[in-house]
Amino acid sequence: MAKLTKLDDIVSLCKRRGFIYQSSEIYGGLASCYDYGPLGAELKRNVRDAWWKAVVQMRDDIVGLDCSILMHPMVWKASGHADKFADLVTVCKKCNTRTRIDHLADKSDGDAAEHTEHVNIETEAAKEHDLSNKVCPACQAVGKFGEPMAFKLMFETQMGANADDQMTLWLRPETAQGIFANFRNVLDSTRVKVPFGIAQIGKSFRNEVTTKAFIFRTREFEQAELEFFCAPGTDEDWYEHWKQQRFNWYLDLGIQKENLRFRDHDPDELAHYAKACVDVEYKFPFGSGDWQELEGVANRTDYDLRQHQRGMRTMNDWFESKGDLSKITLKEEAEDYHKGPLSFFDEQNKERFIPYVIEPSAGVDRSTLAFLVDAYDEEEVKGATRSVLRFHPHLAPIKAAIFPLVKKDGMPEIATKLYDDLKGNFACFYDQKGAVGRRYRRQDEAGTPYCLTIDGQTKEDNTVTVRERDSMEQSRINIDQIKAYLREKLDL
RNA sequence: GCGGGUGUAGCUCAGUGGUAGAGCGUCACGUUGCCAACGUGAAUGUCGUGGGUUCGAAUCUCAUCACCCGCUCCA
């Protein structure tokens, strides 16, 4: 299997073959930002399409959505991000280890730090923080901490060209809230009934304290999220359902079983709104061969919809404070909140409730990287190394390459005709330069599953050579049957 | 943000004060009739960026940017 043992090898591969480049490279690069090159753009698009097909197209109970990145600030007040999506961190002066202050344990009780949510940055920063009795988890030094530093995890931007009349907005830190904000719209316009899901793929932005490992953790990233709404009491079954569905999706697209696993979150690791959460992890070859999260499947309960009902009740305060979020607090829930504007009426049981939500949330960039790394292989062929990307046909950036065996005797004419005939149906590539063996190997490196070669025999019996990427085996197929052959083999 | 490391051709790297190099890749022409390894020729460098020292800097020095390994966090 792959001989990519270091992240550097992957970065190099990605650049050399045109999958991923550093953003703004000609200006020295921009931290944490990356661009997808010609092959990478195709690969990533295929990953998105495969997700959409599995999650939306093939299901009768899920519909799609595509929200704006900028949303009303109250969305983030209600979701909790505006107040809580920040960390207060301090550094141990002895060993330079950085720790969130809410994770520090007291010297006296010695208890391990408990998991807590992100903090409210305004109130926390204003508080006096007595760290003199706190223990550094790394070097055990007591009270050697510097001033707490605040990290805001959402990007801010301004709406309105007039400088005197601008509103501060946030770039969304997750696509999920756009789905909750449109829950009512979808209910009213599509005839869906609980249980059903709303799916969305799009960019999100988090001003991470530290980025990591190539495109694994970036400040701008793409999510594929599904919010699946179900009746309270059925949520645990749906949680299991989606756990399996999502795991199998990676396997079906060729991820090797031994590189994929679940990791359940400990109860004290769960976010305050989550009843259960499991990560789908991939064994990336970063340094020590660490397992890293590709996707999280969470039971978010009815938390988000209930929060947005509170948000809707708070709008008067928002207008009165002239949009200053720091001056308002969310209104309490109505006593009959379960009959609120974001509730669902179950015709069969004649009851109204706020649906529970199961959320599979996948990282598109992470998955793309995993598919790339997992497909990479090197093998010995006649004493030389053949490197090949064994992509699942659905993910392969190029489905078929068309070659004339040599650049004469009318072969290029037949080959270009075949190419023109196929490119409307499949992503194809035409190449007539150099030795054919070299062209085969070049396509191996791009992960192209099939090469079609026009030779002398083509003019005699109308057949072409079909060469398979994985086995390197060749067979002859009538040129008129190529389209059907590819369609069947590629399952398109 | 802190500590450690790195930055020279598209990629991998050599080059420790005196005219910028190799392998692979790329391109052209020829050859070639099914698996990168033929022949001939060619292109390609703000030596990450900006200051300083020096007669002279890829090389010494300072700053800065980016990446990698940790700390932290999460899709």
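No experiment lies behind these values; they were computed from the predicted model shown. In the text below, chain A, chain B and the rest are named by the order of the sequence lines, each starting its count at 1.
- Side-chain atoms of Asp461(A) and Thr463(A) form a donor-acceptor pair, as typed in the model, at a separation below 3.5 Å.
- Within 4.0 Å of Asp365(A), counting heavy atoms only, lies no atom of the nucleic acid at all.
- Ser23(A) comes within contact range of no nucleotide atom at all, as no heavy-atom separation falls under 4.0 Å.
- Listed candidates were rA75(B), rC68(B), rC34(B). Nearest to the side chain of Phe221(A) is rA75(B).
- Among the protein residues, Thr465(A) comes within range of the nucleic acid bases, having at least one heavy atom under 4.0 Å from a base atom.
- Residue Arg467(A) places a side-chain atom within donor-acceptor reach of the base of rC35(B), judged by atom type and a 3.5 Å distance cut-off alone.
- Residue Ile26(A) is classed as a base contact, given a heavy-atom separation below 4.0 Å to a base.
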Worksheet item: Does the salt bridge (Lys or Arg N to Asp or Glu O under 4.0 Å) test come out yes or no for Arg438(A) and Asp431(A), once each step is laid out?
Response: CA-CA 11 Å; Arg438(A) 189 187 207 75; Asp431(A) 190 0; over 6 Å; no

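- Atom OH in Tyr376(A) sits roughly 16 Å away from atom P in rC11(B) (whole-Å rounding).
- Under the stacking criterion of a centre-to-centre distance below 5.5 angstrom and an interplanar angle below 30°, Tyr440(A) is not stacked against the six-membered ring of rA36(B).
- With ring centers used as reference points, Phe284(A) lies under 6.0 Å from Tyr282(A).
- When both pairing distances are held under 3.5 Å, rG21(B) makes a Watson-Crick or G-U pair with rC13(B).
- Considering only the side chain of Phe214(A), rC68(B) comes nearest among rG33(B), rC68(B), rU12(B).
- Under a cutoff of 6.0 Å and an axis angle of 45°, Lys243(A) and Phe262(A) form a cation-pi pair.
- When Watson-Crick and G-U wobble pairs are counted only if both distances are under 3.5 Å, rU49(B) pairs with rA63(B).
- Glu293(A) comes within contact range of at least one nucleobase, with a heavy-atom separation under 4.0 Å.
- Under the Watson-Crick or G-U wobble criterion, with both distances below 3.5 Å, rA36(B) has no partner in any strand shown.
- The gap from the P atom of rU16(B) to that of rC55(B) amounts to 23 Å, rounded to the nearest Å.
- For Ser204(A), no side-chain nitrogen or oxygen approaches OP1 or OP2 of rA75(B) to under 4.0 Å.
- Tested against Asp444(A), the residues Arg390(A), Arg386(A), Arg439(A) include a single side-chain hydrogen bond (donor to acceptor under 3.5 Å, both in side chains) partner, Arg386(A).
- Among the nucleotides rA75(B), rA36(B), rC34(B), the one closest to any side-chain atom of Gln223(A) is rA75(B).
- Of the candidates rC34(B), rG33(B), rA75(B), rG33(B) carries the atom nearest the Val406(A) side chain, counting heavy atoms from C-beta on.
- For a distance-only test at 3.5 Å, the side chain of Glu445(A) qualifies as a donor-acceptor partner of the base of rA36(B).
- Evaluation of atom-type donor-acceptor distances gives no pair under 3.5 Å for the side chain of Arg219(A) against the base of rC74(B).
- A straight line from NZ of Lys407(A) to C1' of rG30(B) spans 9 Å, rounded to a whole angstrom.
- In this structure, the CZ atom of Arg17(A) is 13 Å from the C1' atom of rU12(B), given to the nearest Å.
- Between Leu13(A) atom CG and rG25(B) atom P there is a gap of 16 Å when expressed in whole angstrom units.
- Within the nucleic acid shown, Arg16(A) comes within 4.0 Å of sugar-phosphate atoms alone, with no base atom in reach, counting heavy atoms only.
- Base pairing annotation: rU54(B) forms no Watson-Crick or G-U wobble pair, as no partner gives both donor-acceptor distances under 3.5 Å.
- A salt bridge does not link Arg16(A) with Glu445(A): every distance from a Lys NZ or Arg NE/NH1/NH2 to an Asp or Glu carboxylate oxygen is 4.0 Å or more.
- Across all strands, Lys382(A) comes closer than 4.0 Å to base atoms (heavy-atom distances).
- Ion pairing between Arg45(A) and Glu42(A) holds under the 4.0 Å rule for side-chain N and carboxylate O.
- Within 4.0 Å of Gln474(A), counting heavy atoms only, lies at least one base atom of the nucleic acid.
- Here the nucleotide nearest the side chain of Ala31(A), chosen from rA75(B), rC11(B), rC67(B), is rC67(B).
- Within the nucleic acid shown, Ala384(A) comes within 4.0 Å of at least one base atom, counting heavy atoms only.
- The separation of rG25(B) from rU40(B), taken at their P atoms, amounts to 16 Å, rounded to a whole angstrom.
- In rA42(B) the O4'-C1'-N dihedral to the base is more than 90° from 0, which defines an anti nucleotide.
- Among the atoms of the strands shown, only primed sugar atoms or phosphate atoms (P, OP1, OP2) are found under 4.0 Å from some heavy atom of Tyr34(A).
- Across the protein-nucleic acid pair, Lys433(A) atom NZ and rU31(B) atom C1' stand 17 Å apart, rounded to whole Å.
- Stacking of Arg219(A) on the aromatic ring of Phe205(A) is not recorded, the 6.0 Å distance cut-off and the 45° axial limit not both being met.
- Nearest-nucleotide mapping onto RNA chain B: of Lys15(A) and Arg439(A), the residue sitting toward the 5' end is Lys15(A).
- The side chain of Arg217(A) contributes no N or O atom lying less than 4.0 Å from OP1 or OP2 of rA75(B).
- Pair assignment for rA42(B) gives rU26(B), based on Watson-Crick or G-U wobble hydrogen-bonding distances that are each under 3.5 Å.
- rG70(B): Watson-Crick or G-U partner is rC2(B), with both key distances under 3.5 Å.
- Along RNA chain B, the nucleotide nearest to Ile454(A) and the one nearest to Asp279(A) differ in position, and the one closer to the 5' end is contacted by Ile454(A).
- Among the heavy atoms of the strands lying under 4.0 Å from Gln22(A) are primed sugar atoms or P, OP1, OP2 only; no base atom is included.
- At a threshold of 4.0 angstrom between heavy atoms, the contacts of Lys408(A) include nucleobase atoms, whether or not backbone atoms are also involved.
- Here Gly456(A) lies out of heavy-atom contact (under 4.0 Å) with every strand.
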